[in-house]
K.L.:
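One structure coming up, written as structure tokens, with questions to follow.
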Amino acid sequence: MKSRLLKRICKNKTSLAGLILVLFFALMALFAPVFAPVQNANNPYQLPQTSYQIEPQGPSAQHWLGTTEQQYDLYYGVIWGARLAFKIGITVTLLAFLIGLLVGGIAAYFGGKVDEVLMRLTDVVFAVPSLVLAMVIAAMLGPDIKNMMIALTAVAWPSYARLVRGDILSVKERGFVTAARTLGASGSRIFWRHIIPNSIYPSVVVASLDIGYVVLTAASLSFLGLGAQPGTADWGQLIAMARNWVLGAPGHPLAYWYTVVVPGGAIFLFVLGWNLLGDAFRDILDPRQG
């Protein structure tokens with residue numbers, strides 16, 4: 001499957017571009033201590049601050065990508081922000097996937113009242129816009145990266161639960177499942193060996209696409225002050241620091257372009273990479289594709 005996936009990616013230019021972008025950020029995150037040596041051993045995500053001067057400073061030999069207001073280094077923020085983005089995106093997506101798999105799997109397999117209760121719970125979460133609900137939960141828990149991840153997980157799992165439930169209801173009626181029952185396979189064996197492996201492919205594709213969406217939503221929460229603490233190497237936090245400089249200076253509208261373009265560009269390319277790569281995962285993991 002690995003060789004087939006790589007062949008599909010290499011044949012498709014957009015998928016290849018997505019792979020390159022994801023690998024670029026993965027290397028950036030992996031070698032963050034090399035590219036941007038840690039300034040605070042107790043908290044490597046703490047942005048280095050050279051002074052408390054309000055006005056941002058442009059790119060220079062000392063600060064390659066410039067600084068934000070109060071002189072936080074943008075280069076350090078982008079590098080370590082990549083590691084934080086992977087941490088948030090992968091952790092939240094994995095937890096949401098597992099919770100959705102458990103809820104959707106139980107609902108579909110047992111059916112009846114169990115299905116009814118679990119799906120109505122899912123509908124309750126779906127009834128509120130995900131970003132609004134995440135904002136409420138994050139505000140209740142307090143601004144912190146861990147609390148933000150809890151909020152994002154709480155609003156992300158229902159989509160997986162519905163998707164898994166629908167696929168399991170379809171798969172458990174197929175011939176190979178009936179054949180397994182006829183041969184005397186236990187219910188748990190049929191569920192884990194036959195139904196689940198043939199039901200999760202669409203969810204895996206959605207998960208690959210959701211990593212970028214989760215990071216984008218996390219950046220939105222940080223921008224609103226409900227995510228990372230001020231001074232954290234978080235892309236959303238960096239954009240929040242740029243809000244007072246978007247219009248530039250009188251007569252020079254692009255005077256502080258780097259405060260917005262640098263973190264905004266990082267978010268854009270990260271999300272774009274995962275979206276393009278998700279198409280390749282869909283082609284190889286969806287059994288309905290040729």
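Quick caveat, the model's predicted, so the values are computed rather than measured.
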K.L.:
Just by distance, do the side chain of N147 and the backbone of A138 share a donor-acceptor pair under 3.5 Å?
P.N.:
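No, the answer is negative, given that no donor and acceptor are paired below the 3.5 Å cut-off.
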K.L.:
May I ask you to test the I99-Y160 pair for a side-chain heavy-atom distance under 4.5 Å?
P.N.:
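No. Closest side-chain heavy atoms not under 4.5 Å.
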K.L.:
Is it true that V164 and L121 fall in one hydrophobic cluster, defined by side-chain heavy atoms closer than 4.5 Å?
P.N.:
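Linked, V164 and L121 end up in one cluster.
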K.L.:
Are V124 and V128 grouped together when hydrophobic residues (ILVMFWY) are joined by side-chain heavy atoms under 4.5 angstrom apart?
P.N.:
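Per the 4.5 Å side-chain linkage, V124 and V128 are not co-clustered.
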K.L.:
Which atom pair, heavy atoms only, marks the closest approach of A107 to M119?
P.N.:
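Closest heavy-atom pair between A107 and M119: CB-CE, 4.0 Å.
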K.L.:
Counting N and O atoms only, with roles assigned by atom type, does the side chain of R83 sit under 3.5 Å from a partner on the main chain of A29, one being a donor and the other an acceptor?
P.N.:
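Yes, R83 side chain to A29 backbone: donor-acceptor pair under 3.5 Å.
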K.L.:
Which value, rounded to the nearest 0.5 Å, describes the distance between D234 atom CG and F223 atom CZ?
P.N.:
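Those atoms lie 12.5 Å apart.
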K.L.:
Would a distance-only check, ignoring hydrogens and angles, find a side-chain to backbone donor-acceptor pair under 3.5 Å from T122 to L118?
P.N.:
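Between the backbone of L118 and the side chain of T122 there is a qualifying donor-acceptor contact (under 3.5 Å).
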K.L.:
Does some side-chain heavy atom of N43 sit less than 4.5 Å from a side-chain heavy atom of V38?
P.N.:
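Not touching, per the 4.5 Å side-chain cut-off.
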K.L.:
Measure the shortest side-chain to side-chain distance between M149 and L95 over non-hydrogen atoms and say whether it is less than 4.5 angstrom.
P.N.:
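In short, these two side chains do not touch, never coming nearer than 4.5 Å.
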K.L.:
Could you check whether any side-chain N or O of Q229 sits under 3.5 Å from a backbone N or O of P143, counting only pairs where one atom can act as donor and the other as acceptor?
P.N.:
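Side chain of Q229 to backbone of P143, a donor-acceptor pair under 3.5 Å: yes, one is there.
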K.L.:
Counting C-beta onward and ignoring hydrogens, is there a side-chain heavy-atom pair between R243 and V260 closer than 4.5 Å?
P.N.:
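Not touching, per the 4.5 Å side-chain cut-off.
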K.L.:
Under the 3.5 angstrom rule, does the side chain of T232 hit a backbone N or O of Q46 as a donor-acceptor pair?
P.N.:
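Judged by distance alone, no pair lies under 3.5 Å.
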K.L.:
Once rounded to the nearest 0.5 Å, what's the spacing between atom OH of Y72 and atom OG1 of T67?
P.N.:
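Atom-to-atom, Y72:OH and T67:OG1 are 11.5 Å apart.
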K.L.:
Between Q49 and D73, is there a side-chain heavy-atom distance shorter than 4.5 Å?
P.N.:
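No, side chains not in contact.
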K.L.:
Checking Q71 side chain against Q53 main chain: does a donor-acceptor pair fall under 3.5 Å?
P.N.:
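Present.
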K.L.:
Taking atom CD1 of I168 and atom OH of Y109, what is their separation to the nearest 0.5 Å?
P.N.:
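These two atoms lie 10.0 Å from each other.
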K.L.:
Taking the side chain as every heavy atom from C-beta outward, state whether T68 and P56 have any atom pair closer than 4.5 Å.
P.N.:
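Result no, sub-4.5 Å side-chain heavy-atom pair not found.
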K.L.:
Can you establish whether the number of heavy atoms outside L131 located under 6.0 Å from its atom CG is more than 12?
P.N.:
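Atom CG in L131 is packed in, count exceeds 12.
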K.L.:
Indicate if L84 and I90 have the same hydrophobic cluster label, given that clusters are the connected sets of ILVMFWY residues with side-chain heavy-atom separations under 4.5 angstrom.
P.N.:
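Same cluster: L84 reaches I90 through Ile, Leu, Val, Met, Phe, Trp or Tyr contacts under 4.5 Å.
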K.L.:
Working to the nearest 0.5 Å, report the span between CG of N42 and CD of Q39.
P.N.:
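Interatomic distance, N42 CG to Q39 CD, rounded to 0.5 Å: 13.0 Å.
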K.L.:
Would you call M135 and L224 a side-chain contact if the rule is heavy atoms closer than 4.5 Å?
P.N.:
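Side-chain contact under 4.5 Å: yes.
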K.L.:
How long is the straight-line distance from CH2 of W245 back to CD of E69, given to the nearest 0.5 Å?
P.N.:
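Going from CD on E69 over to CH2 on W245, the span is 6.5 Å.
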K.L.:
Say whether, by atom type as modelled, one donor and one acceptor occur between the side chain of W157 and the main chain of A154 under 3.5 angstrom.
P.N.:
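Looks like yes, one N/O pair under 3.5 Å.
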K.L.:
Judged by atom type as modelled, is there a donor-acceptor pair below 3.5 Å linking the side chain of Y75 to the main-chain atoms of F35?
P.N.:
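Indeed, once roles are kept as given, a pair shorter than 3.5 Å links the two residues.
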K.L.:
Please test D210 against V92 for side chain to side chain contact (heavy atoms under 4.5 Å, CB included), starting from the C-alpha separation and ending with a verdict.
P.N.:
CA-CA 9 Å; D210 274 356; V92 170; over 6 Å; no
K.L.:
Side chains of L47 and L238: does their closest heavy-atom pair fall under 4.5 Å?
P.N.:
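Yes, their side chains come closer than 4.5 Å.
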K.L.:
Could you report the tightest heavy-atom contact between L74 and P263, atom names first, then the distance?
P.N.:
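The pair with the smallest heavy-atom distance is CD2-CD, 4.3 Å.
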K.L.:
Should the pair D167-R162 be classified as a salt bridge under the 4.0 Å nitrogen-to-oxygen rule?
P.N.:
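No, this pair does not count.
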K.L.:
Donor-acceptor pair, distance only, cut-off 3.5 Å: does the side chain of S220 make one with the backbone of L216?
P.N.:
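At least one qualifying donor-acceptor pair exists.
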K.L.:
Which pair of non-hydrogen atoms, one from A255 and one from A249, has the smallest distance, and what is that distance?
P.N.:
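For A255 versus A249, the nearest heavy atoms are CB-N, 4.1 Å.
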K.L.:
What are the two closest non-hydrogen atoms of V155 and S130, and how far apart are they?
P.N.:
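Heavy atoms of V155 and S130 come nearest at CG1-O, 3.7 Å.
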K.L.:
Is the backbone N or O of Y256 less than 3.5 Å from a side-chain atom of T259, with the two atoms forming a donor-acceptor pair by type?
P.N.:
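Yes, because the side chain of T259 sits within donor-acceptor range (under 3.5 Å) of the backbone of Y256.
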K.L.:
Please name the pair of heavy atoms, one in S203 and one in F97, separated by the smallest distance, quoted to 0.1 Å.
P.N.:
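Scanning both residues, the minimum pair turns out to be CB-CE1, 3.5 Å.
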K.L.:
Do F86 and V271 land in one hydrophobic cluster if side-chain heavy atoms of ILVMFWY residues count as linked below 4.5 Å?
P.N.:
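Yes: a chain of side-chain contacts under 4.5 Å links F86 to V271.
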K.L.:
Identify the two heavy atoms, one from L276 and one from G18, that lie closest to each other, and give their separation to 0.1 Å.
P.N.:
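Shortest heavy-atom separation between L276 and G18 comes out as CB-CA, 3.7 Å.
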K.L.:
What distance do Q237 atom CD and Y45 atom OH have between them, rounded to the nearest 0.5 Å?
P.N.:
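The CD atom of Q237 sits 15.0 Å away from the OH atom of Y45.
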K.L.:
Out of curiosity, does I106 fall in the hydrophobic cluster containing L169 (side-chain heavy atoms, cut-off under 4.5 Å, transitive links)?
P.N.:
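No, it is not one cluster - the side chains of L169 and I106 are not joined through contacts under 4.5 Å.
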K.L.:
So, W235 versus F270, ring centres under 6.0 angstrom or not?
P.N.:
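Aromatic pair counts; centres sit under 6.0 Å.
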